[in-house]
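Shown next, in structure tokens, is the structure this report addresses.
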Amino acid sequence: MVWLVITHSLFDLKTEKQFSESLTVEQLKQKLYSIVGTEPQYMTLQLFANDEDTKPLVKSLEDNMTLLSYGIQTDRMRIHVIDKDPNKQDFGDVSQVEKYVMSEEDYDARDNTFRKWKKKHIDPYVKPKEPTKEEEMFNNPEIIQGIKKGDRCEIQNEIKSRGTVKFVGKVSHSTGYWVGVQLDEPIGNNDGSVKGKRYFLCPQGFGTFSRPTEIKVGDYPEESYDFEEI
């Protein structure tokens, strides 16, 4: 068995898994599918000598060859998955996506908007709802002190899993502050997006959101689990 570092061309993914040197590249692709979410027929695998090298030893591993035949017998060599699925786009940098956002001033200048109708017909008769103690707690920015993107963490709720902090802030589908985590194992419920809005990017099933009170940051190395059983 050998430990390999796995990276991906579209996702900010870097994980270490253990595989048998006797696996063929085709069999390795099947196992990587459950980790990175790229279908095997769209994978091109590159081999690097170690985690730091940027020049591949082999630019494209052939399906019928074994890992051992490529000299993969030492720990921490890197397998880089290139995703060639034509139906996927690189959303690694969502800041490059052009968006139209109407300014508050432009919206207020418009007639017959819901905001103006609501202000005239509803707001005068509605008593503002008092926030609950829980809402006050989760809306206090002090609750996210000490939690930042890139931190390793452990989620201390029913999931009881480890991962990496990918998002810290407020979300559109709920109140207060939330922490988005890319889990080490595929036991999450999203890919970093909720109800059509993206907060970070990770493979499907590796993303989850938790309240800051459930997040404990620290030196939490990735716990290994046996993908040989997949």
Side-chain angles (χ1 to χ4, degrees), residues 3-8 10-18 31-38 51 76 81 83 88 90-95 97 99 101 128-230:
W3 285 94
L4 298 177
V5 176
I6 309 300
T7 55
H8 195 275
L10 299 185
F11 303 125
D12 181 18
L13 174 70
K14 186 177 182 181
T15 186
E16 193 169 337
K17 303 299 177 188
Q18 193 176 38
K31 294 180 180 295
L32 290 176
Y33 174 48
S34 64
I35 301 173
V36 304
T38 300
D51 188 15
R76 294 194 60 77
V81 180
D83 191 327
K88 290 183 180 178
D90 185 355
F91 294 104
D93 185 3
V94 295
S95 66
V97 179
K99 310 173 186 69
V101 179
K129 180 183 176 183
E130 292 293 328
T132 65
K133 289 185 178 180
E134 183 180 80
E135 288 174 335
E136 288 182 344
M137 177 178 67
F138 289 132
N139 276 294
N140 188 338
E142 293 182 359
I143 200 171
I144 57 173
Q145 286 186 358
I147 305 175
K148 62 182 184 300
K149 289 174 62 176
D151 283 343
R152 289 289 298 171
C153 69
E154 184 174 74
I155 301 177
Q156 300 186 330
N157 57 17
E158 67 275 5
I159 295 179
K160 293 293 183 183
S161 185
R162 296 180 179 182
T164 302
V165 175
K166 293 292 184 179
F167 169 84
V168 181
K170 293 188 176 183
V171 297
S172 62
H173 60 277
S174 184
T175 60
Y177 287 95
W178 290 83
V179 179
V181 177
Q182 178 173 327
L183 300 170
D184 294 338
E185 304 177 48
I187 56 175
N189 52 17
N190 60 64
D191 63 350
S193 64
V194 179
K195 294 186 177 180
K197 183 168 183 178
R198 182 166 297 284
Y199 300 93
F200 62 95
L201 184 67
C202 70
Q204 178 62 39
F206 282 79
T208 190
F209 287 82
S210 295
R211 286 296 193 183
T213 50
E214 298 174 332
I215 301 295
K216 185 174 182 180
V217 299
D219 183 16
Y220 291 106
E222 183 176 344
E223 294 180 319
S224 64
Y225 56 100
D226 189 6
F227 276 91
E228 293 298 312
E229 297 179 0
I230 295 177

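Numbers for residues simply follow the sequence, beginning at 1. Only this structure's heavy atoms are used, side chains among them; waters, hydrogens and symmetry mates stay out.
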> Do you know the tightest heavy-atom contact between P212 and I144?
Replying inline: CG-CG2, 3.7 Å
>> Could you measure the distance from the NZ atom of K31 to the CD1 atom of I6? Nearest 0.5 Å is fine.
In response: 12.0 Å
> Once you round to the nearest 0.5 Å, how far does OG1 of T38 lie from CG of L10?
Replying inline: 6.5 Å
>> If the test is side chain to side chain donor-acceptor pair (under 3.5 Å), which one of K17, R152, R162 qualifies with E222?
In response: K17
>> Testing the basics here: between S34 and P186, what is the closest heavy-atom pair and its distance to 0.1 Å?
In response: O-CG, 4.3 Å
>> Could you measure the distance from the CZ atom of R198 to the CG atom of N190? Nearest 0.5 Å is fine.
In response: 9.0 Å
>> Around atom NZ of K148, are there more than 12 heavy atoms from other residues, nucleotides or ligands closer than 6.0 Å?
In response: no
>> Could you report the tightest heavy-atom contact between G192 and C202, atom names first, then the distance?
In response: N-SG, 4.0 Å
>> Contact between T213 and I143 at the side-chain level, heavy atoms closer than 4.5 Å - yes or no?
In response: yes
>> When you measure from the side chain of N140 to the backbone of E142, do you find a donor-acceptor pair of N or O atoms at a distance under 3.5 Å?
In response: yes
> Pairs in or reaching into residues 165-189: which pass ring-ring contact (aromatic ring centres under 6.0 Å, His included), with residues at least two apart or in two chains?
Replying inline: F167-Y199
> Given the rule in the side chain to side chain contact (heavy atoms under 4.5 Å, CB included) test, do V194 and V171 qualify, once you have shown the distances and angles that lead to the verdict?
Replying inline: CA-CA 9 Å; V194 179; V171 297; over 6 Å; no
>> Taking salt bridge (Lys or Arg N to Asp or Glu O under 4.0 Å) as the definition, give me every residue that meets it alongside R211, ordered by chain and number, with sequence neighbours left out.
In response: none
>> Can you confirm whether N189 sits close enough to F209 that some side-chain heavy atom of one is under 4.5 Å from a side-chain heavy atom of the other?
In response: no
>> Salt bridge or not between E16 and R76? Use side-chain N to carboxylate O under 4.0 Å.
In response: yes
> Mind checking whether Q182 and L13 have side chains closer than 4.5 Å, heavy atoms only?
Replying inline: yes
>> Can you tell me how far apart CD (E214) and SG (C153) are? Round to the nearest 0.5 Å.
In response: 11.0 Å
> For E135, does its backbone N or O pair with a side-chain atom of N139 as donor and acceptor, under 3.5 Å?
Replying inline: yes
> Does some side-chain heavy atom of L183 sit less than 4.5 Å from a side-chain heavy atom of I155?
Replying inline: yes
>> Could you measure the distance from the CG atom of D191 to the CZ atom of F11? Nearest 0.5 Å is fine.
In response: 7.5 Å
>> Minimum heavy-atom separation for G146 and V217, please, with both atom names.
In response: O-CG2, 3.5 Å
>> Rounded to the nearest 0.5 Å, what separates atom OG1 in T15 from atom CG in D184?
In response: 6.0 Å
